[in-house]
Novice: 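Here you go, one structure.
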Amino acid sequence: MKERGQRAIAECRLIARFTEERGRITRRFLTPPVKDVHAHLRARMEALGMRVRVDAAGNLRGMWTPEGGDGKRLMLGSHIDTVPDAGAFDGVLGVTLALEWVEIARQIGLRRPIEVIAFSEEEGVRYGVPFLGSRAVAGVFDRAMLAFEDADGVTMEQAIRGFGLDPGELGDAAVDPAEVLGFVEMHIEQGPVLEAEDLQLAVVTAIAGQSRLGLRFTGRANHAGTTPMRLRRDALTAAAEWITAVESTVKEANENDDPELVATVGKVEVKPNAGNVIPGEVSVSLDVRHTSNRSRTWWVNEFIERARAIAGGRGVELEWVLRSGEPAVDMDRSLGARLDIAVEKAGFPLKHMPSGAGHDAMVLAARVPAAMLFLRSPGGISHHPDEAVSEEDVEAALRVGEKFLEQIGAEVG
Ligand code: GLV
Ligand code: MN
Ligand code: MN
């Protein structure tokens, strides 16, 4: 397992070289470096005897069908897009580990097909909507999204066509649940819990729901030297007041009876963005997460109301759009139980935990049984170039893989 573990990590580091930006790992949906990732993974999949295709959502899919193998297939994988200035392991590790599981399946003579999917998009960076790849595989890709534009005015439809794919074929990306045993996603924890408890792995029980919104504050751009303070309609000060109000509201809720709520404004665009011009228009993102769907929607409404009140008090207009809302989901109990057994058989303590981060598994869960295995995140760091994973923990995930595959190999159907 040592060599396999080293290879799974080395492959992530290699794939990290395929990036949109020199010196930083940034790989958004269907941008040119994705072609390089596909070429690299395709070669590896083909060397493993897998049949490879790219579906219309840009997911790279490798099917391994052992001789005489039948029954429902196991699906494995994670995403290959990244946030800007990312680490090397978020998503990609779930793909390189999946390929090592196929190696193990070959070695133990598993008689069940495995499909490995490198999902094209999970982060929501390019179009403000996450899970584009897994939505297509789950059969819930909303075609209205094809008209969405990226920061350069390129529509999603143009991006798909530009990659050599046909949006008319998006429906063919969906899996038939009758043919699938389940989907297992391996992923770094992206938080500090496992490290704090001195544990290597966890089986995920549920994934927090998330809402993503865009808000636009529109005031009036004007001269910074001649416009008296009292006559300004500054869109940026309105947005800034609201951003800090969101933060203090969440902290207060956390201290009282709602420790689960988190909310983030991670993107701000100022127009015209010049030092001597009062900001006329500010667009911001809002990301709200909660394990309770009711609470999440309640808070989203609350934050919008706060924005309306703050903007109104400053003579600034407010528009907002809900870009996506993903409900909290439980992982499949039966598939999770097989992972539990594999963890214990591999000799590791069994730890269950929920995920605060979103994952492709939460979208797939609507279509097929879905389960997740977390690997400890050193320093609890993710969405950052310092993101890491230890060789020891990757080896542990491979040992679990062996036990899991042995188990499903012994099952019928
Ligand atoms: C995906 O990384 C997320 O934002 O949770
Ligand atoms: Mn991520
Ligand atoms: Mn991820």
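First listed ligand is number 1; within each ligand, the first listed atom is number 1. The structure displayed is predicted, hence computed values, not measured ones.
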Novice: Would you confirm whether Arg135, through its side chain, and Pro130, through its main-chain N or O, come within 3.5 Å as a donor-acceptor pair?
Specialist: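 It does hold such a pair.
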
Novice: Specify whether an N/O/S atom of His187 falls short of 2.8 Å from the Mn ion (ligand 3).
Specialist: yes

Novice: Mind listing the closest non-hydrogen atom pair of Leu261 and Ala253 along with its distance?
Specialist: CD2-CB, 4.1 Å

Novice: Over all heavy atoms of both residues, which pair between Val277 and Pro272 is shortest? Give the atoms and the distance, please.
Specialist: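 Of all heavy-atom pairs spanning Val277 and Pro272, the closest is CG1-CG, 3.5 Å.
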
Novice: Angle at the Mn ion (ligand 2): provide the value between OE2 of Glu123 and NE2 of His383, rounding to 10 degrees.
Specialist: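 It rounds to 110°.
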
Novice: What are the two closest heavy atoms between Ala8 and Thr96, and how far apart are they?
Specialist: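 Heavy-atom minimum between the residues: O-OG1, 3.0 Å.
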
Novice: From the Mn ion (ligand 3) out to just under 2.8 Å, does an N/O/S atom of Asp90 turn up?
Specialist: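 It does; at least one qualifying atom falls short of 2.8 Å.
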
Novice: As a test of reading the model: which residues have a non-hydrogen atom less than 4.0 Å away from ligand 1?
Specialist: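 Shell around ligand 1 (4.0 Å, heavy atoms): Glu122, Glu123, Arg212, Arg289, Ala357, Gly358, His383.
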
Novice: Specify whether an N/O/S atom of His79 falls short of 2.8 Å from the Mn ion (ligand 2).
Specialist: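 Checking His79: none of its N, O or S atoms is under 2.8 Å.
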
Novice: Atom NE2 in His384, atom CG in Asp90: separation rounded to 0.5 Å?
Specialist: 13.5 Å

Novice: To the nearest 0.5 angstrom, please state how far the NZ atom of Lys351 sits from the CD atom of Glu197.
Specialist: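 If I round to the nearest 0.5 Å, the distance is 3.5 Å.
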
Novice: Please report the closest heavy-atom contact between Arg289 and Arg212, naming both atoms and the distance.
Specialist: NH2-NH2, 3.8 Å

Novice: Kindly say whether Thr155 contributes a backbone atom to a donor-acceptor pair with the side chain of Tyr127 at under 3.5 angstrom?
Specialist: yes

